[in-house]
Amino acid sequence: MFGLNKNKQNTKAWKKLVSEYKRFKKVEMRDLFAADNKRAAKYTLRVNDLILDYSKNRFDEKVLASLLALAYERKIPEKINSMFTGDKINITEKRSVLHVALRNRSGRAVLSGGQDVMPQINEVLLKMKKFSDAVRYGEFKGYTGKKLTNIVNIGIGGSDLGPVMVCEALRKYCAKDINCYFISNIDGTACAEILNKLDPETTLFIIASKTFTTIETLTNAKTCRRWLVNALGEHAVDKHFVALSTNREEVVKFGINPDNMFAFWDFVGGRYSLWSAIGLIICIAIGFENFEKLLEGAYAMDEHFRTEPLAENIPVIMALLGIWYNNFFNIHRYAVIPYDQYLRFLPAYLQQLDMESNGKSVDRENNFVKYATGPVLFGGAGTDVQHSFFQLLHQGTEMVPVDFIVPAISHNEIGNHHEILLSNVLAQGEALMKGKTVAEAAEELHKAGKSKEEVEALKKYKSFSGNRPSNTLLLKKIDAFSLGMLIALYEHKVFVQGMIWNVNSFDQMGVELGKQMALKILPELEGTYFADKHDSSTLALIKAVRKFRK
Ligand code: F6P
């Protein structure tokens with residue numbers, strides 16, 4: 001089942017792609033560009049101020065037609081429609097998947113189980129507006145009457161990564177007198193380092209947890225609650241704690257006033273939740289008007305995705321190219337490299353989005369799959385990563401498709417920093433695509449005055465295979481609207497791939513086993529007994545931990 005190298009899909013479109021791969025695998029992108037000076041124009045798409053140039057990928061018209069045939073065979077237009085109309089496409093949990101309703105700006109009703117979900121969504125948005133305004137303008141104050149200027153989001157996974165990423169991406173739009181902090185890790189260091197900096201009188205804790213049962217979040221929240229109560233007393237809690245959750249009962253049990261709770265619903269997956277109440281810290285940081293722009297940007301991408309034909313549909317095209325590499329080139333990885341310091345947390349956010357959604361091995365009809373599904377995603381901010389893993393991207397034996405993301409205009413146009421940054425990202429895409437043949441490397445060395453022996457000794461080391469694919473997503477500027485478009489683009493890309501692989505992209509049962517085992521090991525770390533029968537490695541490690549901690 002694992003280490004799948006062969007794809008075992010037997011449909012017509014899939015088989016056609018297998019033969020297309022045989023025909024096409026040796027074709028060089030350099031030659032495709034040389035043969036067609038309209039290649040870039042043909043393979044560039046745009047939505048508002050977001051441009052996708054996908055011409056530096058290893059495909060031609062016939063491959064693209066076959067990929068699109070696969071999308072039609074997998075009924076992607078119908079699947080898109082079924083998400084937007086609230087069908088219970090999260091089949092294992094029997095839920096609708098309606099993060100798109102959270103940013104539905106059309107005024108249209110959106111149904112889940114026959115019920116319009118828009119009134120409740122709009123009600124919570126209004127509550128978020130009122131509360132975030134009140135905090136920003138100092139109307140909602142701390143227990144001792146001071147303005148709340150330190151906002152701490154306690155959450156993990158989807159209840160953390162989206163808000164962290166967006167607050168950083170939109171730092172330029174954040175209120176200057178408000179500091180945002182994020183506690184996610186159960187490691188006490190995460191809590192301690194932040195609490196050490198804060199004054200309880202000016203601190204607001206946002207406990208973000210869809211289920212309100214996640215051990216990391218609840219443990220961190222309890223620690224912070226104790227810290228606050230020790231300083232200001234039990235009565236202060238109402239003025240310093242709010243909850244974002246679908247689980248009112250647990251919120252109350254925890255000791256947070258239900259009036260201070262912002263609800264969301266089971267049709268919103270954790271990793272798709274930054275548009276919901278989970279975005280409260282974003283609202284406080286950038287203001288509700290900007291949060292609405294984020295929603296509007298996502299809505300613009302939703303409309304593009306919902307209405308454009310597949311051949312002109314940015315998320316669909318990116319998804320299909322990903323499938324082409326994953327299932328036909330057998331390349332099970334890709335990198336996302338934002339050339340923007342403010343977007344440096346985007347890869348971490350996308351890791352959860354993509355890998356928690358499509359890291360699956362059972363199809364929607366309850367069979368183990370016989371083909372590769374979700375790839376490994378990694379990344380980091382350019383140009384930093386040019387000086388770490390780019391060596392492998394250019395000369396390693398592993399081909400890694402890359403998405404480059406870059407704004408044309410920086411928020412910090414200092415000197416010529418941004419031109420240098422832009423020249424780098426554009427050069428990387430070109431270098432990966434063109435490479436440098438051994439003959440070209442030899443010629444270059446020769447021209448640089450190297451001896452014949454030196455040329456011979458170095459020419460292979462200085463050569464680049466090229467033919468390495470990349471997408472370039474060029475945005476005019478990173479603002480709330482364009483960021484909303486960008487995030488929604490990746491959500492929909494992941495959706496299309498999940499549907500082509502025929503997996504349920506909306507559950508995450510793979511995170512459960514480790515959690516269950518941790519609960520058994522926890523009491524075993526103290527004392528001398530073992531509740532579980534462990535393997536010899538785990539047993540020895542538990543004993544070694546006990547010894548160290550004695
Ligand atoms: O890691 C599993 C997971 O369920 C994620 O899907 C989710 O985003 C995260 O844990 C946090 O869950 P919750 O918001 O319920 O605390």
Side-chain angles (χ1 to χ4, degrees), residues 47-48 50 52 71 76 79-87 89-90 95-105 110 121 157-159 161-166 169 210 264 267-276 278-279 282 294-308 310 313-323 334 336 338 343 345-360 373-375 377 379 403 405 471 473 475 480-501 503-508:
V47 187
N48 297 305
L50 179 151
L52 167 70
I76 292 303
K79 302 272 166 62
I80 294 173
N81 193 45
S82 67
M83 172 166 69
F84 279 86
T85 51
D87 288 356
I89 58 173
N90 177 352
R95 292 174 182 168
S96 306
V97 173
L98 281 176
H99 46 282
V100 290
L102 301 168
R103 64 249 186 162
N104 166 26
R105 318 303 286 167
V110 178
I121 288 174
S159 301
L161 291 164
V164 172
M165 183 271 288
V166 173
K210 178 175 170 182
F264 62 112
F267 56 76
V268 181
R271 54 197 172 273
Y272 301 88
S273 65
L274 71 88
W275 325 97
S276 72
I278 291 294
I282 305 173
L294 187 77
L295 302 183
E296 279 157 19
Y299 175 66
M301 186 55 72
D302 293 345
E303 285 301 277
H304 167 86
F305 180 56
R306 198 175 66 80
T307 60
E308 283 297 325
L310 300 191
N313 197 309
I314 291 182
V316 171
I317 293 293
M318 285 181 68
L320 291 174
L321 290 167
I323 299 270
Y334 80 106
V336 179
L343 287 183
F345 297 138
L346 184 68
Y349 167 81
L350 293 178
Q351 276 180 329
Q352 187 199 12
L353 175 64
D354 199 327
M355 293 162 82
E356 203 173 69
S357 295
N358 286 340
K360 309 281 164 68
T373 62
L377 186 164
D403 289 352
I405 302 170
N471 290 310
L473 281 162
L475 297 102
F481 188 90
S482 65
L483 183 68
M485 284 200 294
L486 184 66
I487 302 168
L489 187 175
Y490 276 96
E491 286 179 348
H492 296 325
K493 178 203 155 186
V494 165
F495 171 88
V496 172
Q497 292 190 328
M499 285 301 179
I500 289 178
W501 290 320
V503 295
N504 179 13
S505 305
F506 303 104
D507 62 12
Q508 54 283 324

Any donor-acceptor N/O pair, [X] side chain to [Y] backbone, under 3.5 Å:
| X | Y | result |
| --- | --- | --- |
| K493 | D354 | no |
| H304 | V47 | no |
| N313 | F305 | yes |
| K79 | I89 | no |
| N471 | D403 | no |
| T373 | K360 | yes |
| Q352 | G158 | yes |

Which atom pair, heavy atoms only, marks the closest approach of [X] to [Y]?
| X | Y | result |
| --- | --- | --- |
| M485 | G297 | CG-O, 3.1 Å |
| S505 | G498 | OG-CA, 3.4 Å |
| P375 | M355 | O-CG, 3.7 Å |
| I278 | S273 | CB-O, 3.3 Å |
| S482 | L475 | CB-CD2, 3.6 Å |
| N358 | V494 | ND2-O, 3.0 Å |

Minimum side-chain heavy-atom gap [X]-[Y] below 4.5 Å:
| X | Y | result |
| --- | --- | --- |
| S357 | Q497 | no |
| I121 | N104 | no |
| L353 | L161 | no |
| R306 | V100 | no |
| L473 | L489 | yes |
| W275 | L294 | yes |
| L295 | L102 | no |
| F267 | V110 | no |

Plane angle bin for F506 and H99 - parallel if under 30°, tilted between 30 and 60°, otherwise perpendicular:
tilted
With side-chain contact (heavy atoms from CB on, under 4.5 Å) as the test, would you mind laying out the steps for V97 and Y272 before giving the verdict?
CA-CA 9 Å; V97 173; Y272 301 88; 5.9 Å; no
Measure the [atom1]-[atom2] distance between [X] and [Y] for me, rounded to the nearest 0.5 Å.
| X | Y | atom1 | atom2 | value |
| --- | --- | --- | --- | --- |
| L274 | M165 | CG | CE | 6.0 Å |
| Y299 | R103 | OH | CZ | 11.5 Å |
| F84 | D302 | CZ | CG | 4.5 Å |
| R95 | N504 | CZ | CG | 10.5 Å |
| E356 | Q351 | CD | CD | 11.5 Å |
| H492 | M499 | NE2 | CE | 12.5 Å |

